[in-house]
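Note that the structure is a prediction, hence the values are computed from the model and not measured. We name chains A, B, ... by the order of the sequence lines, and we start the count at 1 in each one.
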Number of protein chains: 2
Amino acid sequence: MENNSCIRQQADIEQIDRCKESVSELDESFDYLANGLSLVGNSVRLKILYLLFIEKRLCVCDLSDILGMNISAISQHLRKMKDRNLLETERDAQTIFYSLTAEYEKLLNPFFEILDKNKILETI
Amino acid sequence: MENNSCIRQQADIEQIDRCKESVSELDESFDYLANGLSLVGNSVRLKILYLLFIEKRLCVCDLSDILGMNISAISQHLRKMKDRNLLETERDAQTIFYSLTAEYEKLLNPFFEILDKNKILETI
DNA sequence: TATGTATTTAAGTATTTGCTTAAATAAGAA
DNA sequence: TTCTTATTTAAGCAAATACTTAAATACATA
């Protein structure tokens, strides 16, 4: 961690200090939120989230069929999202259905709407 | 890519097909959006984005000071975000100021507000 | 009980990512 | 031009990530 300080004279010291303080106050929040967003920032998981948004609930098998991917790979993605409370499960005999938690359905709504309108490439 | 199909009989074939179609239609959009979100889903970059949201513009040096990180590391994060149009630059003599693009300022606003209220740990 | 279906978990591997170091580029001042 | 400051870029390495394969667990039914 060398070279981590600047030599310049013209810098707004007050601004730097204010920023340092606000970052250190929110430090855990940044880590937590970034972790949640990194889960969404993967195209396989984003597809899963979108599909659950549209279809309300799906099982591992369904998602495996739809995405043409190994069941185990899907299951591992689902586990990560369940552990971070993006998803919740509901058992129906042998089948385990996954669905979006209410909080993330709401939080991700703007992104899903963009996808839904297929306008992503124009607007972002 | 073995074991990617399920054996079960009870599956909503129509649902599966509908989902397959909608995923394949939006395929590029998923990749593009996931890539954007993966940039935000890193705590260093999230901090940078938040700081730019609050302070409007900062240079590499400022961010290096604030985050206590190597200038080169910061510069590489900034480049990624600039390449993906999350950030834009403005030169003032030797100093290059980075700021949020209008689109991402708007899109990320809900997340910044959560951070701003320091309510992240309670609400998500 | 044994058998089949649904899902998860563990271990291994290949790719990606973030950071470090050092060198390169850009612009202002002496 | 040379020197200093500001920033970027390239190369290398260590840690994280996604996927594969194989084995384990859970539940229903014969």
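Between the S38(B) side chain and the N35(B) main chain, a donor and an acceptor come within less than 3.5 Å of each other. Side-chain N or O atoms of N42(B) include none that pairs as donor or acceptor with a backbone N or O of L39(B) at under 3.5 Å. Checked by atom type and distance alone, the side chain of Q76(A) pairs as donor or acceptor with a backbone atom of S72(A) at under 3.5 Å. The main-chain N or O of Y98(A) is never found under 3.5 Å from a side-chain atom of T89(A) such that the two would form a donor-acceptor pair.
Rounded to whole Å, the distance from CG on L46(A) to P on dT17(D) is 18 Å. Atom CZ in R79(B) sits about 17 Å away from atom C1' in dC19(C), given to the nearest Å. Between I74(A) atom CD1 and dA6(C) atom P the separation is 16 Å, expressed in whole Å. Per the geometry, CZ belonging to R91(A) stands 9 Å off P belonging to dA26(D), to the nearest Å. Distance M81(A) CE to dT8(C) C1': 15 Å, rounded to the nearest Å. When rounded to the nearest whole Å, the span between CD of Q94(B) and P of dT4(D) equals 13 Å. Distance L78(B) CG to dT7(D) P: 10 Å, rounded to the nearest Å. Between the P atom of dT16(C) and the CG atom of N35(B) lies a distance of 13 Å, rounded to the nearest Å.
Here the nucleotide nearest the side chain of A73(B), chosen from dC19(C), dT5(D), dT7(D), is dC19(C). Nearest to the side chain of S72(B), among dA6(D), dC19(C), dT21(C), sits dT21(C). Relative to the side chain of Y98(B), the nucleotides dA18(D), dA6(C), dT8(D) differ in distance, and dT8(D) lies closest. Listed candidates were dT20(C), dA18(D), dC19(C). Nearest to the side chain of M69(B) is dC19(C). Considering only side-chain atoms of I71(A), the nucleotide from dT17(C), dT7(C), dA18(D) that sits closest is dT7(C). Listed nucleotides dT8(C), dT8(D), dA6(D) differ in distance to S75(B); the shortest reach to its side chain belongs to dT8(D). With distances taken from any side-chain atom of R45(A) to the nucleotides dT7(D), dA27(C), dA18(D), the minimum falls on dA18(D).
Contact between the side-chain N/O atoms of N70(A) and the OP1/OP2 oxygens of dT20(D) is found at a separation under 4.0 Å. The side chain of N42(A) contributes no N or O atom lying less than 4.0 Å from OP1 or OP2 of dT17(D). Contact check, H77(A) against dC19(D): a side-chain N or O comes under 4.0 Å of OP1 or OP2.
Residues R45(A) and V40(A) have side chains not in contact (no heavy-atom distance under 4.5 Å, counting atoms from C-beta outward).
Annotation: cation-pi pair R84(A)/Y32(A) present, NZ/CZ under 6.0 Å from the ring centroid and within 45° of its normal.
Within 3.5 Å, no donor on the side chain of Q76(B) pairs with an acceptor on the base of dT17(C), nor the reverse. Residue-to-nucleotide contacts include no donor-acceptor pair under 3.5 Å from the side chain of T95(A) to the base of dT7(C).
Where A93(A) and V44(A) each meet DNA chain D at their nearest nucleotide, the meeting point lying more 5' is that of V44(A).
Heavy atoms of F97(B) sit nowhere under 4.0 angstrom from any nucleic acid atom. Contacts of K80(B) with the nucleic acid, taken as non-hydrogen atoms under 4.0 Å apart, involve only primed sugar atoms and P, OP1 or OP2.
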